[in-house]
Protein chains: 2
Amino acid sequence: MSKSFKVAVLPGDGIGPEVMAEALQVLDAVEKKYDVRFERTFANVGGAGIDLEGKALPQTTVDICKASDAILFGSVGGPKWESLPPDEQPERGALLPLRKIFGLYANLRPAIIFPALTGASSLKEEVIAGGFNVLVVRELTGGIYFSQPKGIEGQGRERIGIDTMRYSVPEIERITHVAFQAARKRDKRVMSIDKANVLSTSVLWREVVETVAKEYPDVKLSHMYVDNAAMQLVRWPKQFDVILCENMFGDILSDEAAMLTGSLGMLPSASLAEGSFGMYEPSGGSAPDIAGQGIANPIAQILSASMMLRYSFALVEAADAIDAAVEKVLNQGLRTGDIFQDRPGERKVNTKEMGAAIVAAL
Amino acid sequence: MSKSFKVAVLPGDGIGPEVMAEALQVLDAVEKKYDVRFERTFANVGGAGIDLEGKALPQTTVDICKASDAILFGSVGGPKWESLPPDEQPERGALLPLRKIFGLYANLRPAIIFPALTGASSLKEEVIAGGFNVLVVRELTGGIYFSQPKGIEGQGRERIGIDTMRYSVPEIERITHVAFQAARKRDKRVMSIDKANVLSTSVLWREVVETVAKEYPDVKLSHMYVDNAAMQLVRWPKQFDVILCENMFGDILSDEAAMLTGSLGMLPSASLAEGSFGMYEPSGGSAPDIAGQGIANPIAQILSASMMLRYSFALVEAADAIDAAVEKVLNQGLRTGDIFQDRPGERKVNTKEMGAAIVAAL
Ligand SMILES: [Mg+2]
Ligand SMILES: [Mg+2]
């Protein structure tokens with residue numbers, strides 16, 4: 001009997017629907033090659049949700065997601081909806097509630113530089129020769145972005161702005177387990193980021209991380225201050241395997257690490273709940289400027305589907321096969337416009353051609 | 001009548017005394033060339049303070065600093081004092097009290113990549129061709145490193161770590177003035193960093209910065225989220241002139257920007273109080289591994305002296321002359337060991353030779 005998984009498919013706005021179509025072709029190919037089925041249910045989100053059902057995250061969409069094993073998310077937003085109140089706009093109106101409803105506390109952002117694309121990085125060839133592969137594991141629901149008290153008190157020049165960074169032991173424990181479990185499937189090294197020389201949350205963070213680490217004697221744990229990490233990423237990114245961060249440090253370092261690859265539009269991300277549920281989406285935006293032209297790069301969406309197979313469905317072999325197919329097609333010289341550099345051996349392709357080539361390489 | 005300034009000279013530990021000697025030679029040369037005198041009083045600090053007077057910051061040193069117009073600081077710390085309790089060690093025992101006693105609320109850290117040294121950066125030549133010059137202005141006495149409440153509450157797995165980020169209007173106003181005044185003497189652009197989409201302190205920060213900016217209609221103000229800034233520094237550092245940050249964001253971004261230059265040991269820093277008082281020191285450490293060998297790079301210390309002339313004494317012409325002399329000597333190919341790359345035209349020199357060459361170039 002074949003395994004079957006329920007996937008809520010939320011293409012969203014801009015290039016979302018175009019690149020999602022290619023990711024679904026890849027899932028078709030995986031179904032054929034492996035004994036597995038992906039039952040897909042489409043739902044509206046973001047601007048599409050607003051236009052068709054009056055809300056960035058319609059209740060029908062929530063219900064479909066709840067009935068699924070994972071969410072494959074495209075991208076949301078665009079100029080059409082920018083005049084709405086912030087909380088009703090596609091990004092805040094869809095992503096924040098989804099994180100909250102589904103308890104998506106672990107954000108996984110790989111920063112991968114493919115050997116074929118080292119030219120796109122602003123780092124020197126000698127620093128990135130052979131590529132690198134860093135996974136930032138970011139706590140997503142706690143810390144200074146969400147803790148109370150938060151606000152502005154007083155009047156006029158007497159006003160004081162206040163934010164609170166707060167972490168409990170269980171919050172730190174669960175994200176630490178995510179990082180160590182991910183490291184086990186990779187190079188078995190976790191670098192925990194904090195600022196324990198000045199922050200109390202960091203002192204607790206470091207202590208809890210060290211306690212959890214004892215359950216993973218096969219994984220090597222190190223610690224680094226956040227300011228030093230911002231330096232070390234630039235100096236020698238290959239020194240990192242898994243980087244474990246609280247929410248804000250992870251926000252900053254995952255973006256820095258992604259930019260170091262020079263291929264921001266190529267990177268997937270995962271947001272995981274306890275258990276196996278997760279939401280998977282490209283790190284980049286909805287790129288309204290090129291939407292509808294059939295030229296967007298579908299690789300981030302395809303790699304997001306691969307992460308879904310790896311982290312929610314434990315289909316590691318199929319996930320590895322997708323990742324290898326992407327790398328093979330890049331090595332063959334296929335490039336969508338965003339990564340085309342007109343070097344010898346490169347061939348410019350559109351969204352569908354790139355998707356078809358990856359399916360063929362599977 | 002010639003102008004006269006009182007300078008407290010605190011060489012400290014490791015390479016501190018060696019590189020300070022060269023900075024003092026440069027001050028001698030400035031005295032000869034310009035109608036100015038620097039009255040110097042030496043004082044012990046850091047490990048030297050501990051060894052000679054029992055404390056990292058002896059009271060005699062505090063008194064000498066109080067009687068001075070500025071502090072020229074070397075560097076402190078080394079393995080000899082690492083077994084002391086943290087608060088008594090050279091760094092925490094000297095630097096934190098100095099900041100507090102003298103109200104050093106504005107940290108200025110230039111990230112300069114000299115055209116002759118672009119090879120040392122991990123960024124591609126095309127990204128940094130012609131060098132870049134970014135000044136990070138960091139608020140140094142407020143924010144999450146110092147605000148209350150802070151601590152760990154509860155017992156066992158019930159523990160909660162808490163830090164507070166807090167900013168008042170006057171705190172934001174005064175650091176904003178520092179950034180805009182610095183920008184006026186440079187390329188007249190301030191990029192204010194915040195995370196106003198999620199932090200209340202950032203909402204207040206942005207509003208106060210915009211209000212202060214109205215007093216500087218000749219300076220262009222822009223805003224950037226801290227995670228985007230961490231990316232943009234890597235992508236295209238030349239887009240920045242002055243970067244204005246609260247304490248923690250400035251800690252992270254100033255280190256990232258410094259590392260982008262690839263010449264961390266070359267960079268000076270200033271910590272300013274209200275009025276004209278300031279403390280000036282190299283960004284790098286005391287480098288105990290090469291101390292006493294006469295091979296340390298004195299440029300960071302010499303550029304710290306230049307910053308003292310510029311920011312505390314308003315001797316802009318002399319400061320410009322020192323900066324130009326450093327650049328000239330680098331263009332001539334002189335290199336201490338830390339920046340020697342054995343390229344055509346380079347000549348390896350020791351600490352004294354580098355200092356003498358800069359004096360000669362003045
Ligand atoms: Mg971010
Ligand atoms: Mg730092």
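Keep in mind that what you see is a predicted model, and the values were worked out from it rather than measured. These numbers come from the heavy atoms of this one structure, side chains and all, not from hydrogens, waters or symmetry mates. Chain A is the first sequence line, chain B the second, and so forth, proteins listed ahead of strands; every chain is numbered from 1.
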(request) Please check if atom NZ in B/Lys100 has more than 12 non-hydrogen atoms from other residues, nucleotides or ligands closer than 6.0 Å. (result) no

(message) Please identify, among B/Asn197, B/Val203, B/Leu264, the residue contributing the most non-hydrogen atom pairs under 4.5 Å to chain A.
(response) B/Asn197

(request) Classify the side-chain pair A/Glu139/A/Thr141 by whether it contains a donor and acceptor separated by less than 3.5 Å. (result) yes

(message) Taking every non-hydrogen pair under 4.5 Å, which of A/Leu199, A/Val234, A/Val208, A/Ile144 racks up the most with chain B?
(response) A/Leu199

(message) Under a 3.5 Å cutoff, is there a donor and acceptor pairing between the side chains of A/Tyr145 and A/Asp251?
(response) yes

(request) Side-chain contact test, heavy atoms from C-beta onward, threshold under 4.5 Å: evaluate it for B/Pro288 versus B/Pro79 and give yes or no. (result) yes

(request) Look at A/Asp163, A/Ile172, A/Thr164, A/Asp255 and state which one has the largest set of heavy-atom pairs under 4.5 Å with chain B. (result) A/Asp163

(request) Examine whether an atom of A/Glu207 lies under 4.5 Å from a heavy atom of chain B, and if so say whether it belongs to the side chain, the backbone or both; otherwise answer neither. (result) side chain

(request) Sort A/Glu171 into side chain, backbone, both or neither according to what part of it lies under 4.5 angstrom from a heavy atom of chain B. (result) neither

(message) Checking an interface table here. Which of residues 147-162 of chain A come within a heavy-atom distance under 4.5 Å of chain B?
(response) A/Lys150, A/Gly151, A/Ile152, A/Gly156, A/Arg157, A/Arg159, A/Ile160, A/Gly161, A/Ile162

(request) Please list, in residue-number order, every residue in residues 221-233 of chain B that has a heavy atom less than 4.5 Å from any heavy atom of chain A; write 'none' if there are none. (result) B/Val226, B/Asp227, B/Ala230, B/Met231, B/Gln232

(request) Tell me, out of B/Leu260, B/Leu123, B/Thr211, who's got the most heavy-atom pairs with chain A below 4.5 Å. (result) B/Leu123

(request) For B/Phe249, enumerate each residue passing the ring pair (Phe, Tyr, Trp, His ring centres under 6.0 Å) test, keeping only those at least two apart in sequence or located in another chain. (result) none

(request) May I ask you to list the residues in residues 124-133 of chain A that approach chain B closer than 4.5 angstrom, counting heavy atoms only, ordered by number? (result) A/Lys124, A/Glu125, A/Val127

(request) Heavy-atom pairs under 4.5 Å with chain A are the metric here; pick the option from B/Trp236, B/Phe146, B/Trp205, B/Tyr167 that has the most. (result) B/Tyr167

(request) Specify the closest pair of heavy atoms between B/Met266 and B/Phe114, including all atoms of both residues, with the distance to one decimal. (result) CE-CE1, 3.6 Å

